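Quick notes on the structure that follows.
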Amino acid sequence: MEDFERRIQELREQLNEHNRRYYVDNSPSISDYDYDMLMNELIALEKEHPETVTPDSPTRRVGSDLSGDPSSREFRQLPHRYPMLSLGNTYNLGEVNDFIERVAKASDKPLEFCCELKFDGTAICLTYRKGRLVQALTRGDGIIGDEVLRNVRKIAGIPAVLHGENIPDEFEIRGEIYMPYKSFDALCLEREEEGEAPFANPRNAASGSLKLLDAEEVGRRGLECTLYHMLGENLGFETHDRALLAAKEWGLPVSEHRTICRGIDDIDAFINFWDTERKRLPFPTDGVVIKVNDLATQKELGFTSKTPRWAVAYKFKAEQACTEVLGIDYQVGRTGAVTPVANLAPVPLSGTMVKRATLHNAEQMEALDIRIGDWVYVEKGGEIIPKITSVELSRRPLLSTRPDFPKVCPDCGTPLVRQEDQAKWFCPNILGCPTQVKETLIHFLSRKAMNVLAGDATVSQMYDLGLVRRSADFYDLKYTDLYRLEGWKEKSCERFLQSLQKSRSVTFDHVLFALGIRNVGETTAKMLARHYQNIDALSAATAEELQEVGDIGGIIAGSIREFFDEPRNKSNIERLKAAGLQFSMADDRPADNILEGKAIVITGTYSISRDEMKALIEAHGGKPTSSISAKTAFVLAGENPGPEKVKKAEELGVKMISEEELYAMIGTVPFDAGNKELTLF
């Protein structure tokens, strides 16, 4: 194989992997600029060696956001009426000028360009028929997309019905669903409080939120939408700008941040203005889109296999600053993971003063070869999270040495451990390390656990004052203790104690989750609670017996046994029992328990949320699952069931039932968002 062939193959593999991480996993591992540089290298090589070009090359295909493995897709997939392509990217004004010259050669008309802000979110295509929203598709692979209408209906600002005059019988309008910084910050805070990893940036958060299976949760995420491109037959508009003005008159959300430019000087002024002013906006942007304004000229120019010839995107470079590393701290996280953090000489970046940046782990520190006293380049990933991208070696102090990653926990002094397949080092002192103890206490009070009104800072204060060390200590707190907390007065104390009292009625599965057993999440806790019914039966189970329950494997079984074999945990549970917490399941299951032991695959959407449907099935003894096998009792098919699941059920001869048939089977039907049920018979 020739060197160029080897490099082409390597580039294609890298780009395909980065496409998957960006569009499907919502977890990009390189910047847009670095991705585009790889793509440009591949384009150049394919141009030099046209015999190597294949139809499936990343240079010929649009990145795909289609949902996962075909066998596990939960969104119906539909074809786009018009292909939904990507934009070509540029990073300098010279490339923009080249674009203008190419367009000018292909058209004999005076040119106008509509310049717009490029929103950093996830693409959406809406279809309106007779003024009503009837379809919403993601970009998908540009040819087909995921149908997400139910979720889009929950996004404020997207009208279900249009108002005004001269609305076409049917048209498509495309745009971007994005997450404002305020919503992003609130979501990340919530995820951190619940022990979940925060999103890397608002684009990932927007894309992930749009694909949630619970539409009600989509509505709570604070998503917004801006629309920027209309398509249809005989719409009657001569220019792109006039079409957007009409869309605004009909009630559609259209960006105000656009202007008509008549040449490179106007475009340059628009780009320079927004490269500064975008830092004041309450939502993320990553560039400017330049479009030929005349629609007839757009049609003449047409498309390549991947991009329109009448538009280009100018991408803002990530703002970068160079500053000094003053020191490196090592922080202990909730799970005991030790993370290095660089303390920096304060430097302004994207509207905020950056003083710290994560170094992730020991391997990342080694890859950067970072040292105290180094001058480093800092960027904000997605304009939010500061990260160190490189070291300015020309400014490195003489005789500098590499920092040693700690061998013991910086919080409690316990020797650190690392598993062979992990990059992070961990502190194993779960019950004695102050940071881990605090995080365990915070988890205990969190919304999905005991749901007690107390934030991280409050719990930290309680710990520092010696008021709490184990979760049972919360139930011994008195007014005199709470008055010691900074800023707490009578009303604050009353609210906390009332919330604590209410937590005594939280069900056993939530209490079990609140205990913070390593590797036991919300779903596993629910499964264990239903199987063993009480804490005594669970604590007596052997590791072998635990592995006979559902999907529990050796690692989870080992964590459970390790937890219950620890005397301090047993003592804490006894105190929680004495405080009145629920350590057994209420015997409120139906007498016939008709779904007991049945594996039920759920697919599509229902009149209640998917979480409520899962809870209903579990309340009657069933086990909701996501994959079909010979052991599946039946498939519960809601509206728009996953086509691959329907096909799989037919192949295996697995019965499919409707939501109404399920209610008839169990003899009840939910009628509101709570837990009340209405008897059918």
Side-chain angles (χ1 to χ4, degrees), residues 14 17-18 21-22 25-38 91 120 181 184-185 188 192 197-205 275 278-279 284 286 315-333 335 337-407 410 416 418 422-426 435:
Q14 289 181 25
E17 174 65 13
H18 290 309
R21 292 185 180 184
Y22 184 92
D25 297 344
N26 296 309
S27 183
S29 54
I30 62 172
S31 68
D32 288 356
Y33 178 81
D34 290 337
Y35 175 90
D36 287 336
M37 293 305 101
L38 292 175
Y91 288 89
D120 195 13
Y181 293 135
F184 176 74
D185 291 343
C188 286
E192 287 174 350
F199 285 104
N201 54 52
R203 193 213 75 84
N204 293 358
D275 199 7
R278 68 190 174 101
K279 297 159 192 171
D286 61 351
K315 298 291 289 288
F316 297 130
K317 290 182 181 177
E319 188 178 355
Q320 192 178 71
C322 191
T323 188
E324 185 181 5
V325 177
L326 302 178
I328 297 176
D329 291 338
Y330 299 90
Q331 298 181 338
V332 185
T335 63
V338 176
T339 302
V341 178
N343 297 307
L344 307 172
V347 60
L349 192 63
S350 297
T352 59
M353 192 65 70
V354 173
K355 300 177 182 178
R356 292 164 68 79
T358 179
L359 293 168
H360 301 291
N361 52 53
E363 290 181 0
Q364 178 69 9
M365 288 178 63
E366 188 174 343
L368 285 169
D369 187 26
I370 194 167
R371 307 176 187 189
I372 296 171
D374 274 347
W375 284 75
V376 295
Y377 291 99
V378 186
E379 291 182 358
K380 276 194 175 182
E383 303 297 335
I384 292 292
I385 302 171
K387 62 180 180 181
I388 293 173
T389 58
S390 62
V391 176
E392 179 52 71
L393 295 176
S394 66
R395 301 182 71 174
R396 169 164 286 172
L398 293 174
L399 305 178
S400 65
T401 58
R402 288 186 179 182
D404 292 325
F405 199 90
K407 298 292 190 297
L416 300 180
R418 182 172 70 168
Q422 292 184 336
K424 285 185 175 292
W425 288 85
F426 289 83
T435 299

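Only a predicted model underlies this, so the values are computations on that prediction, with no experimental measurement involved.
- Counting only distance, with no hydrogens or angles, the side chain of Arg395 and the backbone of Trp375 share no donor-acceptor pair below 3.5 Å.
- Atom CD of Glu366 is surrounded by 12 or fewer heavy atoms from other residues, nucleotides or ligands within 6.0 Å.
- In this structure, Trp425 and Phe405 have tilted ring planes: the angle between them lies in the 30° to 60° band.
- A pairwise comparison of heavy atoms in Asp369 and Arg402 identifies OD1-NE, 2.8 Å as the closest pair.
- Under the 4.5 Å side-chain criterion, counting only non-hydrogen atoms from C-beta, Leu344 is in contact with Val325.
- Among all heavy-atom pairs drawn from Ala337 and Lys424, the shortest one is CB-CD, 3.8 Å.
- Every residue two or more places apart in sequence or in another chain that forms a side chain to side chain contact (heavy atoms under 4.5 Å, CB included) with Ile372 is listed here: Ile328.
- Using a cutoff of 4.0 Å between basic side-chain nitrogens and carboxylate oxygens, Arg278 and Asp120 are not scored as salt-bridged.
- Contact detail for Val338 and Tyr330: the closest heavy-atom pair is CG1-CB, 3.9 Å.
- Between the side chain of Asp374 and the main chain of Val376, no donor-acceptor pair closer than 3.5 Å is present.
- Using a 4.5 Å heavy-atom threshold, the side chains of Thr339 and Thr358 count as touching.
- Contact detail for Met365 and Pro403: the closest heavy-atom pair is CE-CG, 3.6 Å.
- Here the closest heavy-atom approach between residue Arg356 and residue Pro386 is recorded as O-CB, 3.7 Å.
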